2 protein chains.
Amino acid sequence: MTKKRAILKAATLLFATKGYNDTSMNEVARMTASASATIFYHFKNKEELYLAVLENVKDRILGDFSAYFSRKHFKTGLDMVEGIIDFYLYMAGILEDGFQLLHHYYTYRLAQENPVCRRHLEAVYDVLVSLLEEAIRKGQQDGSIVETPPRKGALIVLSTVDSVVRFNTYNLFDAGALYDDLTKSCRRMLESR
Amino acid sequence: MTKKRAILKAATLLFATKGYNDTSMNEVARMTASASATIFYHFKNKEELYLAVLENVKDRILGDFSAYFSRKHFKTGLDMVEGIIDFYLYMAGILEDGFQLLHHYYTYRLAQENPVCRRHLEAVYDVLVSLLEEAIRKGQQDGSIVETPPRKGALIVLSTVDSVVRFNTYNLFDAGALYDDLTKSCRRMLESR
DNA sequence: CCTTAAACTGACTGTCGAGTCAGTTTTTGG
DNA sequence: CCAAAAACTGACTCGACAGTCAGTTTAAGG
C-alpha cells in the first residue's frame, strides 16, 4: 500500500509541474523506483491515475477546511470572510501542487466529459463558495457586510483569491506580495459603511 | 499569404479548445484543407506555430486596448477603472480563444524557458496593469479612489476580472451572471468614502 | 511564353509513450 | 511450512504524431 501512495504523490508533483500530457508513466515509475507496469497494476490507466490524484487533493482540501471551520468561530461575518481567505492562502501554500492542478486547463476539459472529474472539481469549489456564502449571510445579519446577493459576493471573492494564488504560482509578477492587500481589498469590497 | 492566415486562425481555435498537446498538426492541416507539410513550410515547428498564435493574440489585444484608451476620456479615475473592466470583458467576448490561451498552464510553462513567449505574455498583462495603475493614480488625484498602492490595487482588480472570465469559459458555475456585480464590487473595493 | 521563385504536397521515417502479458517475487494467514 | 492471493516486473506491441524530403503546382514578371 505504501507504493501506491508513493506513486500518487509522485504523480501529483509531476502532473502539477509538467502538466498531464508532458508527464509520462515512465517518469512516474522512475521517480518511485518501480516499473511502469506497477503503476498500471494499481491504476487502470493514465486518466484513472489523474482522477485518483484529483480525488486525493479534493479530500485533503475538504477535510482541512471542514475541520478548521467547524471548530473556529468568528465575531462578525466579515471576520469570517477574512478567516476563509487567510486559510485558503495557507492551504495553497502547503498544498501547492494540488491547487496548481485545479488551475490546469486539462482538468476542466476532462471535467466536461468525465462526471467523476467534474464532481471532484465541484466539491472543492462548493465547499469554498458555501463557506464564503455563509460568512456573507452572517455578516449581513450582524451588520458587518453590505446587502448584496451572498452567492455572487462569494463567487467574486473566491475569484479574486483564486486568481492571486494562480498568478503567484505562475510568477508573472510578484503576486505573493499581494497577500496582505488581498484581505484588505476583499474587506473593502464587502464591508457595510 | 491567405493560407498562412487560415492556419493561424485554425491553430488558435484548436490550441484554445483542446490545448497544445491534444492538438495535432494533422488536425490543423485538415481544418485548413492543406497538407501538414504546408504548415511546416510556413512555421518551423509546432512550438513556433504556437508562438505565432500567441503573438497574434498579443497584437490584437494591445492594439485594441491602446486604440480605445488613447481616444476615450473619463471624468474620474474610478470611472476609468470601470471603463477598463468593461472593455476587458468586451474583449474577452470577441477574442475568446485568445484569452483562453492566456489561461493555459502550457503558456506559462513555455514562458519560463522561452523568452519570446514570456515577452508576449508580459506585454499583454503589462498593458492591462499599466492602464489600471494609471486609472488608480488619476482617481487618487481627483479624490474618487482611496489611497492605496496603485500597482497593487491594479493587480488585484486585474486578478478579479481575469478570474471571473476564466471561470466563465470553464463554466464551473454561471460566472457570466457576475459581469454586472463585478464592476460594482471593484468600485466598492477602490472608491474613497 | 518562359524562367524562376514561392507555395504546396504525398509519402515516408523515427521516436516516444500508453498499455499488455506472461511470469516472478513477496505477503498473508491457515 | 505451504498454498494462494497480492504485488511487482521486463520485455514487448502498437499507434500516434512531429518533422523531413524530393518533387509538383502555382504565381509573378520580364
Side-chain angles (χ1 to χ4, degrees), chain A residues 1-56 97 101 104-107 109-114 116-117, chain B residues 1-56 101 104-114 116-117:
Chain A
M1 263 325 139
T2 190
K3 190 135 217 174
K4 193 172 177 182
R5 271 222 115 56
I7 290 170
L8 216 59
K9 204 175 155 188
T12 308
L13 176 67
L14 288 171
F15 282 144
T17 53
K18 311 188 62 174
Y20 181 81
N21 278 291
D22 287 333
T23 297
S24 78
M25 298 303 255
N26 273 314
E27 233 171 328
V28 180
R30 219 178 309 132
M31 206 170 196
T32 52
S34 45
S36 71
T38 305
I39 302 176
F40 289 102
Y41 170 75
H42 287 293
F43 305 93
K44 199 165 106 247
N45 51 39
K46 194 179 179 184
E47 189 173 311
E48 286 262 317
L49 173 59
Y50 193 76
L51 289 174
V53 166
L54 260 190
E55 180 167 27
N56 187 44
D97 292 341
L101 233 40
H104 284 199
Y105 179 57
Y106 183 82
T107 311
R109 240 177 91 62
L110 187 59
Q112 297 204 321
E113 58 178 39
N114 184 316
V116 178
C117 180
Chain B
M1 265 320 142
T2 190
K3 191 134 217 178
K4 193 172 177 183
R5 271 222 113 57
I7 290 171
L8 216 59
K9 203 175 155 187
T12 308
L13 176 66
L14 288 172
F15 283 144
T17 53
K18 311 188 64 175
Y20 182 81
N21 279 292
D22 288 333
T23 298
S24 76
M25 298 303 255
N26 272 313
E27 232 172 328
V28 180
R30 219 178 308 131
M31 208 170 194
T32 53
S34 47
S36 71
T38 305
I39 302 177
F40 289 101
Y41 170 75
H42 288 293
F43 305 92
K44 198 166 108 247
N45 52 38
K46 195 179 178 183
E47 191 173 310
E48 287 263 316
L49 173 59
Y50 193 76
L51 289 174
V53 166
L54 261 189
E55 180 168 28
N56 187 43
L101 234 40
H104 284 198
Y105 179 56
Y106 182 82
T107 310
Y108 294 87
R109 239 177 92 62
L110 187 59
Q112 297 204 323
E113 57 178 40
N114 185 316
V116 177
C117 180

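Chain letters run A, B, ... following the sequence lines, proteins first and then strands; every chain starts at 1. Everything numeric in this text was worked out from a predicted model, so none of it was measured. Computation of the quantities below employed the complete heavy-atom set of this structure, encompassing side-chain atoms and omitting hydrogens, waters and symmetry-equivalent molecules.
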Using a 4.0 Å heavy-atom cut-off, does A:Thr38 contact any base of the nucleic acid, only the sugar-phosphate backbone, or nothing at all?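 Since a base atom lies under 4.0 Å of A:Thr38, the category is base.
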When all nucleic acid strands are considered with a 4.0 Å heavy-atom cut-off, which category describes A:Thr23: base, sugar-phosphate, or nothing?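 The residue A:Thr23 makes sugar-phosphate contact but no base contact.
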Grab the [atom1]-[atom2] distance between [X] and [N] for me, whole Å please.
| X | N | atom1 | atom2 | answer |
| --- | --- | --- | --- | --- |
| A:Asn26 | D:dT13 | CG | P | 16 Å |
| A:Lys44 | C:dC21 | NZ | P | 15 Å |
| B:Phe43 | D:dT20 | CZ | P | 16 Å |
| B:Glu27 | D:dA18 | CD | C1' | 14 Å |
| B:Leu49 | D:dA18 | CG | P | 10 Å |
| B:Ile39 | C:dG10 | CD1 | P | 13 Å |
| B:Met25 | C:dG14 | CE | C1' | 17 Å |
| A:Asp22 | C:dG17 | CG | C1' | 12 Å |

Using atom types as modelled and distance alone, determine if a side-chain donor or acceptor of A:Tyr105 lies under 3.5 Å from a backbone N or O of B:Thr17.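 Answer holds: yes.
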Donor-acceptor contact present, side-chain B:Ser36 to main-chain B:Met25, <3.5 Å: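 Checking the backbone N and O of B:Met25 against the side chain of B:Ser36, no donor-acceptor pair under 3.5 Å is found.
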Selection from [options] that lies nearest to any side-chain heavy atom of [X]:
| X | options | value |
| --- | --- | --- |
| A:Ala37 | C:dG10, C:dT20, D:dC17 | C:dT20 |
| A:Ala35 | D:dA18, C:dA18, D:dT9 | D:dT9 |
| B:Asn45 | D:dG19, D:dA18, C:dT9 | D:dG19 |
| B:Phe40 | D:dG19, C:dA18, D:dG10 | D:dG19 |

N or O in side chain of B:Tyr41 less than 4.0 angstrom from C:dC8 OP1/OP2: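 No, because none of the side-chain N or O atoms of B:Tyr41 sits under 4.0 Å from OP1 or OP2 of C:dC8.
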When you check the phosphate oxygens OP1 and OP2 of C:dC8, does a side-chain N or O of B:His42 lie under 4.0 Å from one of them?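 Yes, because at least one side-chain N or O of B:His42 sits under 4.0 Å from OP1 or OP2 of C:dC8.
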Considering all heavy atoms, the nearest B:Asn56-B:Arg5 contact: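 Scanning both residues, the minimum pair turns out to be OD1-NH2, 4.3 Å.
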For the side chain to side chain contact (heavy atoms under 4.5 Å, CB included) test, which of B:Phe15, B:Phe40, B:Tyr20 pairs with B:Leu49?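 By the side chain to side chain contact (heavy atoms under 4.5 Å, CB included) criterion, B:Leu49 pairs with just one of B:Phe15, B:Phe40, B:Tyr20: B:Phe15.
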A:Leu8 and its side chain to side chain contact (heavy atoms under 4.5 Å, CB included) partner, picked from A:Thr32, A:Leu13, A:Val28, A:Val53: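 That would be A:Val53.
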